[in-house]
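Worth saying up front: this structure is predicted, and the values here are computed from it rather than measured. Positions are given from 1, in the same order as the sequence printed here.
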Amino acid sequence: MTTTVATNKLLEVKNLGVDYSAANGTVHAVIDVSFTLERGKVLGLAGESGSGKSTLAYAITRLLRPPALITGGKVIYYPEPIEKSNGAKHAKNNAWELDAPTDILQCSPQQLRAFRWDTMAIVFQSAMNALNPVMNIGAQIMDVLQTHRPEMGPDARRIRAIELLKLVGIAPDRLRSYPHELSGGMRQRAVIAIALALNPEIIIMDEPTTALDVVVQREILTEIMQLSKEFGFSVIFITHDLSLLLELADNVAIMYAGRIVEYASQDDLYSHPRHPYSYGLLNSFPTLYGPRLKMAGIPGTPPDLRAIPSGCAFHPRCPLAFEPCNRVLPILQPLNMADSEQSSLVACHLYDARFREEPPGTEEIGTHYAALAERSERS
């Protein structure tokens, strides 16, 4: 068997595209998306509703159903080396042992069955819809264990189910409770417990706190971060609330109209949002401290994905749009083209030396949004 070269990469998405076929036109939901998830890291994925975030998650996990169609790209999983430095064989829970990078989009149904939940799990948006209403919580957790760990006996499965409920802060006596008997926060914790059942390396969380109040939201986010540190799994956290990602993500990707328009570390995005869309998202909620400021928001609405505007899809809503924006498609690239290793990437002509000599500072973007707020107030 070949062994993998040690790498910090865990999952690499390359040029992924997804379309939805419809009678009134093809919806281009995900367009040429690429990013890398590292071991033990949290990658945040933010954007308005309809930007393609959930479709991207379902494409990565191969959960899309017709009329959705993956039009191209790769989703490469990098397993840990089977032979460790001391020569001992690395013990894997996975029934399907991988010893080389593998494109998940090319896997057979049998391989996918072994990969899902064991290596990659997903926490869906609505816990009430994700849980089976006629099975109690304990049965749903033990069903996962029985399917993927057939060697476990009934007693071992029950002990593991209790252990998982305790991990997410649910009392063991809730093992026999049905979903409708739990609060919204408890249902969401139960779904997270199911995702953790097999100790996966990757957990995709698709807006897991959207329908919850801020107190429960805080409790669940704290729980997620503690569990991630304790068990070392990586997270792709999807949300439309950028303020959440600034607290828990290591890196953040901003999506608009099916594309990633900015990719940066959490600190860098907070201090210096480069893309005008990122700036608009970041400044759509007021600060708790400092002077009172007029909130501008982002004008207009997201585009129809059946007829995406030419050039930069954001240009009809952008307060800094100029001539090249409506005709030339911006490419996601480093701010300094000479530095290919630079971690911050942006798809905006404001940072392209062909069209503008000096890139704008955060203050300039803020000035344009402030002017927009003033015009909105006058109108």
**Prompt:** Do other residues, nucleotides or ligands put more than 12 heavy atoms under 6.0 Å from Arg113 CZ?
**Reply:** no
**Asked** Between Tyr20 and Arg306, is any side-chain donor less than 3.5 angstrom from a side-chain acceptor?
**Response** no
**Prompt:** To the nearest 0.5 Å, how far apart are OG in Ser54 and CD in Gln125?
**Reply:** 4.0 Å
**Request:** Tell me, yes or no, whether the heavy-atom count around Arg160 atom CZ, taken from other residues, nucleotides or ligands under 6.0 Å, exceeds 12.
**Result:** yes
**Request:** Using atom types as modelled and distance alone, determine if a side-chain donor or acceptor of Ser34 lies under 3.5 Å from a backbone N or O of Asn15.
**Result:** yes
**Request:** Treat each ILVMFWY residue as a node, draw an edge where side-chain heavy atoms are under 4.5 Å apart, and state whether Leu69 and Ile60 are in one component.
**Result:** no
**Contact summary for Arg274 and Ser344, nearest pair of heavy atoms** = NH1-OG, 4.1 Å
**Request:** Answer yes or no: is there a donor N or O on one side and an acceptor on the other, between the side chain of Asp143 and the main chain of Ala139, under 3.5 Å?
**Result:** no
**Message:** Return the CD1 to CD1 distance between Ile137 and Ile170, rounded to the nearest 0.5 Å.
**Reply:** 7.0 Å
**Request:** Step through the shown structure and confirm whether more than 12 heavy atoms of other residues, nucleotides or ligands are within 6.0 Å of CZ on Arg176.
**Result:** no
**Request:** Verify whether one side chain among Asn132 and Gln140 offers a donor that lies under 3.5 Å from an acceptor in the other.
**Result:** no
**Item:** Common cluster, Leu198/Met142, ILVMFWY with side-chain heavy-atom separation under 4.5 Å
**Value:** no
**Message:** So, taking the atom named CD1 in Ile104 and the one named CD in Glu12, what distance separates them when rounded to the nearest 0.5 Å?
**Reply:** 12.5 Å
**Item:** SB check Arg149 Asp118 (cutoff 4.0 Å)
**Value:** yes
**Request:** Give a yes or no on this: more than 12 heavy atoms of other residues, nucleotides or ligands lie within 6.0 Å of atom CD of Glu323.
**Result:** yes
**Prompt:** Can you name the nearest heavy-atom pair linking Glu48 to Pro302, along with the distance?
**Reply:** OE1-CG, 3.8 Å
**Prompt:** Looking at Ile70 and Ala59, what are the two nearest heavy atoms and their distance?
**Reply:** CD1-O, 4.0 Å
**Message:** Which label fits Tyr58 and Phe124: parallel for a plane angle under 30°, tilted from 30 to 60°, or perpendicular past 60°?
**Reply:** tilted
**Request:** Check whether the side chains of Asp19 and His28 place a donor and an acceptor atom closer than 3.5 Å, and report yes or no.
**Result:** yes
**Asked** Is there a donor-acceptor pair closer than 3.5 Å between any side-chain N or O of His368 and the backbone N or O of Ile365?
**Response** no
**Message:** Under a 3.5 Å distance rule, please check whether Asp250 uses its side chain to pair with a backbone N or O of Val42 as donor and acceptor.
**Reply:** yes
**Asked** Looking just at side-chain N and O atoms, do Ser265 and Tyr270 make a donor-acceptor pair shorter than 3.5 Å?
**Response** no
**Message:** When you group the ILVMFWY residues by side-chain heavy-atom contacts below 4.5 Å and let the links chain together, are Met128 and Met135 in the same group?
**Reply:** no
**Glu262 and Ser278: side chain donor to acceptor below 3.5 Å** = yes
**Request:** Applying ring pair (Phe, Tyr, Trp, His ring centres under 6.0 Å), run through Tyr263 and Phe35 and close with a yes or a no.
**Result:** CA-CA 9 Å; Tyr263 181 95; Phe35 64 83; 7.6 Å; no
**Request:** Looking only at non-hydrogen atoms, find the nearest pair between Ala121 and Ala195 and report the distance.
**Result:** CB-O, 3.5 Å
**Prompt:** Would you find more than 12 non-hydrogen atoms of other residues, nucleotides or ligands less than 6.0 Å from Glu151 atom CD?
**Reply:** yes
**Message:** How close do Val252 and Ala249 get, counting heavy atoms only, and between which atoms?
**Reply:** CG2-CB, 4.0 Å
**Complete:** salt bridge (Lys or Arg N to Asp or Glu O under 4.0 Å) with Glu223: of Arg218, Arg189, Lys166, only one passes, and it is Arg189
**Request:** Measure across Glu207 and Lys53 and return the closest heavy-atom pair with its distance rounded to 0.1 Å.
**Result:** OE2-CE, 3.7 Å
**Hydrophobic cluster membership, Phe355 vs Leu329, 4.5 Å side-chain cutoff** = no
**Item:** Test applied, side-chain contact (heavy atoms from CB on, under 4.5 Å); reference residue, Glu201; option that passes from Phe233, Tyr78, Phe231, Tyr77
**Value:** Tyr77
**Prompt:** Aromatic rings His180 and Tyr178: how do their planes relate, parallel, tilted or perpendicular, breaks at 30° and 60°?
**Reply:** parallel
